Amino acid sequence: MGTALHTPILDWYAEKARDLPWRRPDASPWAILVSEIMLQQTPVARVQPVWTEWMERWPTPAALAAEPPGEAVRHWGRLGYPRRALNLHACARAITADHDGRVPSSYDALRGLPGVGDYTAAAVASFAYGGSHAVLDTNVRRVLARAVRGEEYPPKATTTVERRLAESLLPALDAPTWAVAVMELGALVCTARAPRCADCPVAGLCAWRLAGRPAHDGPERRGQTYAGTDRQCRGRLLAVLRDAHGAVPKAALDAVWADEVQRERALDSLVADGLAEVPDEGTYRLPA
DNA sequence: TAATCGTGGTG
DNA sequence: TCACCAAGATT
């Protein structure tokens, strides 16, 4: 039944796709890997400028691998989840050391790189190398939940049922374009909060819309307050290290977060995560 | 499995 | 306004 989705969605994509730099034909596998990791839980609009700067600065894995990891963290800026910067740096070194300087093309080899999970491995294997994989990101999962399963939202964690469904929908030809088209539909039309069904190419056969767009019934979907959390504290501390050149005295870190217990905990966790170093007693810096 | 990991735009 | 959410991964 799902194959009826292919033509309308592919036609819609051909007309409406955004022109994103990592989708251009000249985008290298490295450029695509960098984009995919930057895009994890991060909107396109915020990724664009950072990705462009990274590509100019580090056009190859070898270029990034030659830098200390702290430089990756510094140029990550305020993208969020800065361990991704360390992951990309570790990817660059692993690719240089173990893959002859080229981003691997197989799903399994990609999956073995730091920070590359099921989604990212499938995405890079597809978009950089033309492989045929089920690419299950939040957009695809939501589109399939609605169009096929008739539910407003997918389960919190990806299920075997979802994966089987996505695999059953893989087209015989050009699976990568199918994948990016469904993702784009989810990003631009079949959005989480205010879906634009009037603009949807498959509104006529969407199970959720045909059922009258019933509200999600299961348990509450979320709960991620941020103010006052360790995450916010870590962000403040790391911003100080990023904006400094070289080591900073601990007093500079003490100044940005009042709660001492929480601040110490956060600082220790940054060091434990490899996002900060203690070159001398009482001073901190990005990892050199 | 569920908690944790940043940041900023938005309905 | 503020809770929600964005091309997830890891432990």
Side-chain angles (χ1 to χ4, degrees), chain A residues 13 17-18 20-23 27 31-51 73 76-88 90-91 110-128 133-143 152-159 162 166 176 179-188 190-196 216 219-242 256-257 262 265-266 269-270 272-276:
Chain A
Y13 181 74
R18 291 169 292 181
L20 302 177
W22 46 84
R23 285 184 187 162
I32 290 169
L33 174 61
V34 171
S35 79
E36 290 300 340
I37 289 186
M38 286 184 172
L39 286 162
Q40 291 169 1
Q41 298 286 286
T42 310
V44 165
R46 209 147 14 114
V47 165
Q48 272 248 38
V50 180
W51 180 88
V73 176
W76 193 251
R78 304 185 65 80
L79 269 189
Y81 293 147
R83 63 178 49 166
R84 292 181 294 164
L86 290 180
N87 288 150
L88 267 173
C91 278
L110 287 162
R111 188 65 180 72
L113 295 172
V116 176
D118 291 333
Y119 162 76
T120 303
V124 174
S126 299
F127 303 145
H133 301 273
V135 180
L136 278 170
D137 79 326
T138 187
N139 291 305
V140 173
R141 296 181 60 222
R142 188 175 54 249
V143 169
E152 185 178 19
Y153 296 118
K156 280 186 285 192
T158 304
T159 64
E162 287 183 276
V180 73
V182 181
M183 288 171 64
E184 190 78 335
L185 186 65
L188 299 182
C190 193
T191 55
R193 267 193 280 184
R196 302 170 56 191
H216 180 74
E220 293 303 319
R221 304 187 63 235
R222 241 187 172 82
Q224 82 174 260
T225 49
Y226 181 60
T229 61
D230 283 11
R231 285 157 79 170
Q232 185 184 31
C233 182
R234 284 165 54 105
R236 290 270 186 85
L237 297 173
L238 194 61
V240 172
L241 300 185
R242 262 198 326 261
V256 300
W257 197 266
Q262 188 175 33
R265 182 171 65 232
S269 74
L270 288 174
D273 288 348
L275 287 163

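Excluded from the calculations below are hydrogen atoms, water molecules and symmetry mates; all remaining heavy atoms, backbone and side chain alike, are included. The shown structure was predicted, so the numbers you read here are calculated from the model rather than taken from an experiment. Each chain gets a letter, A, B and so on, in the order its sequence line appears, and its residues count up from 1.
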Can you give me the N/O atom pairs linking the protein to nucleotides 1-5 of chain B at distances under 3.5 Å, or say none if there are none?
residue	atom	partner	partner atom	Å
B/dC5	O3'	A/R234	NH2	3.3
B/dC5	N3	A/Y81	OH	3.4

For [X] and [N], what is the distance between atoms [atom1] and [atom2] respectively, to the nearest whole Å?
X      : N     : atom1 : atom2 : result
A/E184 : C/dA6 : CD    : P     : 14 Å
A/L39  : C/dG8 : CG    : C1'   : 11 Å
A/R236 : B/dG6 : CZ    : P     : 14 Å
A/L86  : C/dA9 : CG    : P     : 17 Å
A/R141 : C/dC5 : CZ    : P     : 13 Å
A/L136 : C/dA9 : CG    : C1'   : 15 Å
A/R111 : C/dG8 : CZ    : C1'   : 10 Å
A/L79  : B/dG8 : CG    : C1'   : 11 Å

Are A/L188 and A/R196 close enough, and set up right, to give a side chain to side chain contact (heavy atoms under 4.5 Å, CB included), and what steps lead you there? CA-CA 8 Å; A/L188 299 182; A/R196 302 170 56 191; 5.7 Å; no
Anything under 3.5 Å between a protein N or O and an N or O of nucleotides 9-11 of chain B, put it in a table, one pair a line.
residue	atom	partner	partner atom	Å
B/dG9	N2	A/R193	NH2	3.1

Qualifying residues under salt bridge (Lys or Arg N to Asp or Glu O under 4.0 Å), relative to A/R46, sequence neighbours excluded: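 In terms of salt bridge (Lys or Arg N to Asp or Glu O under 4.0 Å), with neighbours along the sequence ignored, A/R46 is linked to no residue.
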By salt bridge (Lys or Arg N to Asp or Glu O under 4.0 Å) - contacts of A/R83 (at least two apart):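 For A/R83, the residues satisfying salt bridge (Lys or Arg N to Asp or Glu O under 4.0 Å) (neighbours in sequence not counted) are A/D273.
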For [X], report the nucleic acid contact type (base, sugar-phosphate, nothing); a contact means any heavy atom under 4.0 Å.
X      : result
A/G117 : sugar-phosphate
A/W22  : base
A/D118 : sugar-phosphate
A/V116 : sugar-phosphate
A/T138 : sugar-phosphate

Between A/L113 and A/L20, which residue's closest nucleotide on DNA chain C lies nearer the 5′ terminus?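 On the 5' side of the pair lies A/L20.
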Quick check: on DNA chain C, is the nucleotide nearest A/P43 upstream (toward 5') of the one nearest A/Q40, or the reverse? Name the residue that is more 5'.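 It is A/P43 whose nearest nucleotide is closer to the 5' end.
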Which residue in the set A/R141, A/E36, A/Q40 passes side chain to side chain donor-acceptor pair (under 3.5 Å) when paired with A/Y119?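 The single option meeting the side chain to side chain donor-acceptor pair (under 3.5 Å) with A/Y119 is A/E36.
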Please examine the side chains of A/P82 and A/L238, heavy atoms only from C-beta on, and report whether any two atoms are closer than 4.5 Å.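 Touching, per the 4.5 Å side-chain cut-off.
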Evaluate A/R142 against A/N139 for side chain to side chain donor-acceptor pair (under 3.5 Å), listing each step before the verdict. CA-CA 5 Å; A/R142 188 175 54 249; A/N139 291 305; 2.9 Å; yes
For the NE2 atom of A/H133 and the CG atom of A/L110, what is their distance to the nearest 0.5 Å?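 If I round to the nearest 0.5 Å, the distance is 8.0 Å.
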ring-ring contact (aromatic ring centres under 6.0 Å, His included) with A/W257: which residues, sequence neighbours excluded?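 Checked A/W257 against ring-ring contact (aromatic ring centres under 6.0 Å, His included); zero matches.
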Using atom C1' of each nucleotide, how far apart are B/dA3 and C/dA7 to the nearest Å?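 Going atom to atom, C1' in each nucleotide, I get 22 Å.
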Salt bridge (Lys or Arg N to Asp or Glu O under 4.0 Å): which pairs involve residues 111-120 of chain A, sequence neighbours left out?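 Residue pairs with at least one partner in residues 111-120 of chain A: A/R111-A/D118.
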Against A/W22, only a single residue in A/V34, A/L33, A/V44 fulfils side chain to side chain contact (heavy atoms under 4.5 Å, CB included); can you say which?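 Going through A/V34, A/L33, A/V44 one by one, the side chain to side chain contact (heavy atoms under 4.5 Å, CB included) with A/W22 is satisfied by A/V44 alone.
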Please state whether the phosphate of C/dA6, meaning OP1 or OP2, lies under 4.0 angstrom from any side-chain nitrogen or oxygen of A/R142.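 Answer is yes, contact under 4.0 Å.
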Among the candidates B/dG8, C/dA7, C/dG8, find the nucleotide nearest to the side-chain atoms of A/N139.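 In terms of side-chain proximity for A/N139, the closest of B/dG8, C/dA7, C/dG8 is C/dA7.
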